[in-house]
Protein chains: 2
Amino acid sequence: MERIIELFKERNIRVTPQRVGVMQTLYPSQEHLTVEGIHAKVKPQFPNISLATVYTILELFKEKKLVREIRVRFDRSLYESRVDPHHHFHCTQCGQTYDVDIDLCPTLKKQRIDGHSINDFHGYFYGICRSCRKEKQC
Amino acid sequence: MERIIELFKERNIRVTPQRVGVMQTLYPSQEHLTVEGIHAKVKPQFPNISLATVYTILELFKEKKLVREIRVRFDRSLYESRVDPHHHFHCTQCGQTYDVDIDLCPTLKKQRIDGHSINDFHGYFYGICRSCRKEKQC
DNA sequence: AGCTTGCACAAGAATCATTATCATCTAAAA
DNA sequence: TTTTAGATGATAATGATTCTTGTGCAAGCT
């Protein structure tokens, strides 16, 4: 809570209860949440909060590098508060998303590829997750 | 044309003029097209073709591994006929998408990460493309 | 070449994520 | 406290994608 307000101030983000509430759903957990999911999580605390507000807040957080939007799923975005470089695995069976902490070696260090200047890189892995694989064996 | 019919037969895809038309917009070019774009391209040849039909056909092609859907842009999907492993660069300025033929080394060869079994991997790069960089310097 | 049959297509409606609008309200600087 | 730029909530709008259904056609079989 204190930490969140600190993060806002550092970035010149006006502190409002709704923004703190949204940030609390993502930080410091390492969950990946949909906008719907975030909305549902803050609803008990702010029964009137609008879905549009959640979208607006997330857009702001994204600009200020407080959260990252990931598009490992084709049908909707997920949000997470981990903003350091890492990648994602998406289970095509259960739909769960996992962090992937692998250094995709030399490429990441490059500033240029084919003359394009790289600002960001994101790797998406698809397959069957460990817990779905276990279930199958039963 | 002949090649496309061959590809269909190999995969037990019933040959229809619309399917051939859609495939011709993507093969053997290396363009990345939106569904709208594909629809616009086949329209002259099939003035009555429905957008829903294009979606259905692309879904089939994807299942049969004739095309790949890429989600380098968050707002809509792109389709391409290159199905061999490669990655994509998206220019955040002009919106253009480029192929990236880089081997993201050891990772790709792995079958497993953190116990998850990997079927597919896709790297997305974001930044300013070479032609946008040139323009800036003028 | 003419049946037959299951699948494909067109048209349009429906759905669902996301964005825009705007009137009201509030955080925080003076 | 007052002021005011900016934030929120309600709701409409947008735009991509999916669903539905009646009609039409590909291709295997006579």
Side-chain angles (χ1 to χ4, degrees), chain A residues 1 4-25 32-40 42-64 66-67 69-79 95 97, chain B residues 1 4-25 32-40 42-64 66-67 69-79 95 97:
Chain A
M1 174 72 171
I4 287 173
I5 290 172
E6 223 175 275
L7 288 169
F8 286 5
K9 298 231 156 129
E10 282 169 10
R11 287 168 179 75
N12 264 48
I13 296 173
R14 176 181 278 189
V15 178
T16 71
Q18 290 89 340
R19 287 176 179 177
V20 175
V22 167
M23 197 59 195
Q24 280 176 326
T25 67
H32 311 102
L33 294 177
T34 62
V35 177
E36 270 301 348
I38 293 167
H39 186 241
V42 290
K43 199 95 186 188
Q45 201 183 348
F46 305 97
N48 289 327
I49 194 168
S50 157
L51 198 53
T53 301
V54 178
Y55 273 102
T56 309
I57 291 176
L58 289 170
E59 197 53 36
L60 173 70
F61 287 176
K62 216 171 56 172
E63 270 171 42
K64 301 289 191 175
L66 277 177
V67 304
E69 181 179 0
I70 61 184
R71 196 77 195 206
V72 66
R73 297 180 57 162
F74 284 10
D75 60 343
R76 74 198 61 189
S77 287
L78 298 176
Y79 291 83
T97 296
Chain B
M1 174 72 174
I4 287 173
I5 290 171
E6 223 175 274
L7 287 169
F8 286 4
K9 298 234 158 130
E10 282 169 10
R11 286 167 179 75
N12 264 47
I13 296 174
R14 177 183 279 189
V15 178
T16 72
Q18 289 89 339
R19 287 176 179 176
V20 174
V22 167
M23 197 60 196
Q24 280 177 327
T25 69
H32 311 103
L33 294 176
T34 62
V35 177
E36 271 300 348
I38 293 166
H39 187 240
V42 290
K43 199 94 186 188
Q45 201 185 348
F46 304 97
N48 289 328
I49 194 168
S50 156
L51 199 51
T53 301
V54 177
Y55 273 102
T56 309
I57 290 176
L58 288 170
E59 198 52 37
L60 173 70
F61 287 176
K62 218 171 53 172
E63 271 172 41
K64 300 290 191 174
L66 278 177
V67 304
E69 181 179 0
I70 61 185
R71 197 76 194 206
V72 67
R73 299 181 57 162
F74 283 12
D75 61 342
R76 74 197 63 184
S77 287
L78 297 176
Y79 291 83
T97 297

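Just so we're on the same page: letters track the sequence lines, and every chain starts at 1.
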Report the distance from atom CG of B:N12 to atom P of D:dA27, rounded to the nearest whole Å. 11 Å
Measure the distance from CZ on A:R19 to C1' on D:dG9 and round it to the nearest whole Å. 14 Å
Students often get this wrong, so: under 4.0 angstrom with heavy atoms, is B:T34 touching a base, only sugar-phosphate, or nothing? nothing
First and last nucleotide of DNA chain C in contact with chain A, 5' to 3', at under 4.0 Å to a heavy atom: what are they? C:dA17 to C:dA28
Nearest-nucleotide comparison on DNA chain D, the residue closer to the 5′ end among B:V35 and B:I13: B:V35
So do B:I5 and B:K9 actually touch side chain to side chain, heavy atoms under 4.5 Å? yes
Non-hydrogen side-chain atoms of A:E69 and A:L58 separated by less than 4.5 Å: no
Does B:R14 place a side-chain N or O at less than 4.0 Å from the phosphate oxygens OP1/OP2 of D:dC25? no
Side chain to side chain donor-acceptor pair (under 3.5 Å) with B:T53: which residues, sequence neighbours excluded? none
Take A:K64 and A:F8 through the side chain to side chain contact (heavy atoms under 4.5 Å, CB included) test and state the conclusion after the steps. CA-CA 9 Å; A:K64 301 289 191 175; A:F8 286 5; over 6 Å; no
Is a side-chain donor-acceptor pair under 3.5 Å present for B:R71 with B:S77? yes
Nucleotide D:dT17, atom P - distance to CD1 of B:I57 in whole Å: 16 Å
Are A:R19 and A:I13 close enough that some pair of their side-chain heavy atoms sits under 4.5 Å apart? yes
Figure out the CD/P separation between B:Q18 and D:dC25, and round it to whole Å. 9 Å
Proximity to DNA chain C (any heavy atom under 4.0 Å), residues of residues 43-53 of chain B only: B:N48, B:I49, B:S50, B:A52, B:T53
Atom of A:L66, atom of A:M23 and distance for their closest heavy-atom approach: O-CE, 3.8 Å
Measure the distance from CG on A:L60 to P on D:dA7 and round it to the nearest whole Å. 7 Å
Can you give me the closest heavy-atom contact between B:I49 and B:K43, atom names plus distance? O-NZ, 4.0 Å
Can you tell me the distance, in whole Å, between the OH atom of A:Y55 and the C1' atom of D:dT14? 13 Å
Report the distance from atom CZ of B:R76 to atom P of D:dT17, rounded to the nearest whole Å. 8 Å
What are the two closest heavy atoms between B:Q18 and B:F46, and how far apart are they? N-CZ, 4.0 Å
With a 4.0 Å cut-off on heavy atoms, is A:T56 in touch with a base, just the backbone sugar-phosphate, or nothing at all? nothing
Between B:R73 (CZ) and D:dG15 (C1'), how many Å, whole number? 13 Å
